[in-house]
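In what follows, a single structure is set out as structure tokens and then discussed.
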Amino acid sequence: MTNKIYQTVILGSGPAGFTAAIYACRAGLEPLLITGQQLGGQLVTTPEISNWPGRFDNPNGSDLMETLEKHASTLGTQFLYEYIVEVDLKGDIKTLTTASGQVIQTKTLIICTGANAKYLGIESETQYKGKGVSACATCDGFFFRQKKVAVVGGGSAAFIEALYLANICSKVYLVHRRDSFRAETALVKRLTELQKDGKVEFILNANVDEILGDGNKVTGMVVINQTGRHEIELDGVFVAIGHTANTQIFEGKLELEKGGIIKTGFGFKTQTSVPGVFAAGDCADGEYRQAITSAGTGCMATLDAEHYLQEKL
């Protein structure tokens with residue numbers, strides 16, 4: 001493998017990576033997909049997916065990723081169950097070094113390394129992830145229709161989540177550790193207006209101390225503020241305190257935006273600041289962060305890589 005120069009190498013095995021591989025096979029690029037440390041990406045921890053087009057059977061994340069992996073494999077994708085520790089992106093041939101010391105060379109690189117949601121870091125939160133604790137209202141809000149939920153955070157992302165949930169839930173608590181917000185003024189105004197009918201309630205200068213549950217699902221949360229320790233009954237907790245892209249290895253080598261998001265749009269829609277290097281999925285998307293949008297940009301990245309290679313002929 002070390003003597004071969006690949007047409008394209010794909011980093012990451014989530015929806016973006018598998019879709020990029022599927023399209024690369026169809027284009028005759030004979031791709032190598034390096035899976036990363038978690039095969040299937042963060043989606044494999046999702047217990048139920050109800051918004052993937054055509055899958056109205058609500059598959060879990062592991063099942064959906066297994067289907068995509070099989071599709072990519074059937075078409076001829078070569079898999080390497082490794083992760084990259086060093087990259088050299090200079091020149092026409094990009095060089096990657098794996099954790100085991102294997103050196104891989106490629107003409108194009110498609111980065112699909114994803115992003116991880118930031119969580120509060122308390123033990124009970126970990127216990128109820130996927131059982132009422134979520135970091136994506138668009139993904140999981142459907143399961144909390146006409147129920148009480150809380151959103152934790154004070155930035156624009158938290159307010160967008162809260163506004164979305166206010167349309168489908170019976171009540172939304174917004175818990176923030178300060179008494180002022182970093183969110184856009186227009187978002188704050190819209191959510192504040194929903195307080196009038198009791199649809200939304202702000203809990204400010206407060207920190208989440210514990211997520212309560214019965215072992216199978218969330219039943220409430222405990223917050224601490226200047227007046228003491230307070231228990232709130234609810235069915236779900238949405239943590240909206242930001243995401244961190246899995247792009248640390250590319251610091252100083254690619255142009256990155258806030259949160260480590262890879263900046264794209266250099267010549268081709270998905271091309272990074274280095275010619276021949278493309279990015280797709282959550283590592284290049286700080287806004288949508290949906291499995292289906294990741295898959296879409298995986299397709300785009302491969303098409304862009306194919307056009308790039310054609311121009312180099």
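Just so it is clear, the model here is predicted, and its values are computed rather than measured. These values consider heavy atoms only, across backbone and side chains, with no hydrogens, waters or symmetry-generated copies.
The shortest side-chain heavy-atom distance between E306 and L303 falls under the 4.5 Å cut-off. Under the 4.5 Å side-chain criterion, counting only non-hydrogen atoms from C-beta, L80 is not in contact with L33. Side chains of F159 and L174 form a contact here, defined as non-hydrogen atoms less than 4.5 Å apart. For the pair D209/I122, no side-chain contact is recorded, criterion being any heavy-atom separation below 4.5 Å from C-beta on. Side-chain contact between R190 and E184 is absent, with no heavy atoms from C-beta onward closer than 4.5 Å. Between I262 and I111, the closest side-chain pair of non-hydrogen atoms falls below 4.5 Å. At a threshold of 4.5 Å between non-hydrogen side-chain atoms, the residues Q290 and C139 count as touching. The shortest distance between side-chain heavy atoms of M65 and F18 falls below 4.5 Å.
When atom types are taken as modelled, the side chain of S156 and the backbone of A183 share no donor-acceptor pair closer than 3.5 angstrom. No side-chain donor-acceptor contact under 3.5 Å links T113 to the backbone of G12. A distance-only check finds no donor-acceptor pair linking the side chain of E255 to the backbone of S273 [under 3.5 Å]. In this structure, E125 contributes its side chain and G121 its backbone to a donor-acceptor pair below 3.5 Å. The backbone N or O of T97 lies less than 3.5 Å from no partner atom in the side chain of E86, so there is not a single donor-acceptor pair. No donor-acceptor distance shorter than 3.5 angstrom exists from the side chain of D304 to the backbone of F268, with no hydrogens or angles considered. Side chain of K253 to backbone of V87: a donor-acceptor contact under 3.5 angstrom is found. For S124 (side chain) and I211 (main-chain N/O), a donor-acceptor pair under 3.5 Å exists by modelled atom type. A distance-only check finds no donor-acceptor pair linking the side chain of Q105 to the backbone of K94 [under 3.5 Å]. Judged by distance alone, with hydrogens and angles left aside, the side-chain atoms of T35 form no donor-acceptor pair with the main-chain N or O of L39 at under 3.5 Å.
Of the candidates L11, I84, T272, F250 forms a side chain to side chain contact (heavy atoms under 4.5 Å, CB included) with just one, namely L11. Partner of T302 under the side chain to side chain contact (heavy atoms under 4.5 Å, CB included) criterion, chosen from I110, I22, T108: I110.
Here CZ of F144 is found 9.0 Å from CG of L165. Values are rounded to the nearest 0.5 Å. Separation of atoms SG (C136) and CZ (R289) is listed at 8.0 Å; rounding is to 0.5 Å. For the atom pair OG1 (T8) and CD (E30), the distance works out to 11.5 Å, reported to the nearest 0.5 Å. The CG atom of N58 sits 9.0 Å away from atom CG of N51, with the distance rounded to the nearest 0.5 Å. Interatomic distance, T247 OG1 to K263 NZ, rounded to the nearest 0.5 Å: 14.5 Å. Within the model, atoms CG of L68 and CH2 of W52 stand 5.0 Å from one another, a figure rounded to the nearest 0.5 Å.
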Run the numbers on D235 and K217 for side chain to side chain contact (heavy atoms under 4.5 Å, CB included), then give the verdict.
CA-CA 8 Å; D235 302 286; K217 64 181 185 301; 5.9 Å; no
Which is it for I10 and C112 under the side chain to side chain contact (heavy atoms under 4.5 Å, CB included) test, yes or no, and what are the steps along the way?
CA-CA 7 Å; I10 300 161; C112 307; 4.1 Å; yes
For the pair F181 and H176, evaluate ring pair (Phe, Tyr, Trp, His ring centres under 6.0 Å) and give the outcome as yes or no after the intermediate values.
CA-CA 8 Å; F181 304 111; H176 185 42; 5.6 Å; yes
Can you check side chain to side chain contact (heavy atoms under 4.5 Å, CB included) on I93 and I5, steps first, answer last?
CA-CA 8 Å; I93 305 301; I5 298 177; 3.8 Å; yes
Audit row: E210, R229, salt bridge (Lys or Arg N to Asp or Glu O under 4.0 Å) steps and yes/no:
CA-CA 10 Å; E210 185 180 1; R229 193 171 186 268; 3.2 Å; yes
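Clustering ILVMFWY residues whenever any of their side-chain heavy atoms sit less than 4.5 angstrom apart, transitively, puts L187 in the very cluster that holds F238. No single ILVMFWY cluster, assembled from side-chain heavy atoms under 4.5 Å apart, contains both M300 and L29. Hydrophobic clustering places V239 together with I232 (ILVMFWY residues linked when any side-chain heavy atoms are closer than 4.5 Å, directly or through intermediates). In this structure, V200 is a member of the same hydrophobic cluster as I168, with clusters built from ILVMFWY side-chain heavy atoms closer than 4.5 Å. A single hydrophobic cluster is seen to contain both Y128 and I241, as judged by linkage of ILVMFWY side chains at heavy-atom distances under 4.5 Å, directly or through other members.
Look at D57 and R55 and you find a salt bridge, because one of the NZ, NE, NH1 or NH2 atoms lies within 4.0 Å of a carboxylate O, short of that distance. Salt bridge K148/E233: absent, no basic N to carboxylate O contact under 4.0 Å.
A donor-acceptor contact closer than 3.5 angstrom links the side chains of E82 and S100.
Scanning all heavy atoms of the two residues, the minimum distance from A21 to P31 falls at O-CG, 3.9 Å. The two atoms that bring A135 and H243 nearest to each other are O-CE1, 4.3 Å, heavy atoms only. The two residues I104 and V9 have their closest heavy-atom pair at CG2-CG2, 4.1 Å. The shortest non-hydrogen separation linking L204 to R178 is CB-O, 3.5 Å. Contact record, A280 with A301: CB-CB, 4.0 Å, taken as the closest heavy-atom pair. Residues Y81 and E69 approach most closely at OH-OE2, 3.3 Å, considering heavy atoms.
Shown here are the disulfide bond (SG atoms under 2.5 Å apart) partners of C299, two or more places apart in sequence or in another chain: there are none. Residues that satisfy the side-chain hydrogen bond (donor to acceptor under 3.5 Å, both in side chains) test with D179, not counting sequence neighbours, are absent from this structure.
In this structure, E123 places its CD atom where only 12 or fewer heavy-atom neighbours from other residues, nucleotides or ligands lie under 6.0 Å away. Within a 6.0 Å sphere centred on CG of D92, other residues, nucleotides and ligands contribute 12 heavy atoms or fewer.
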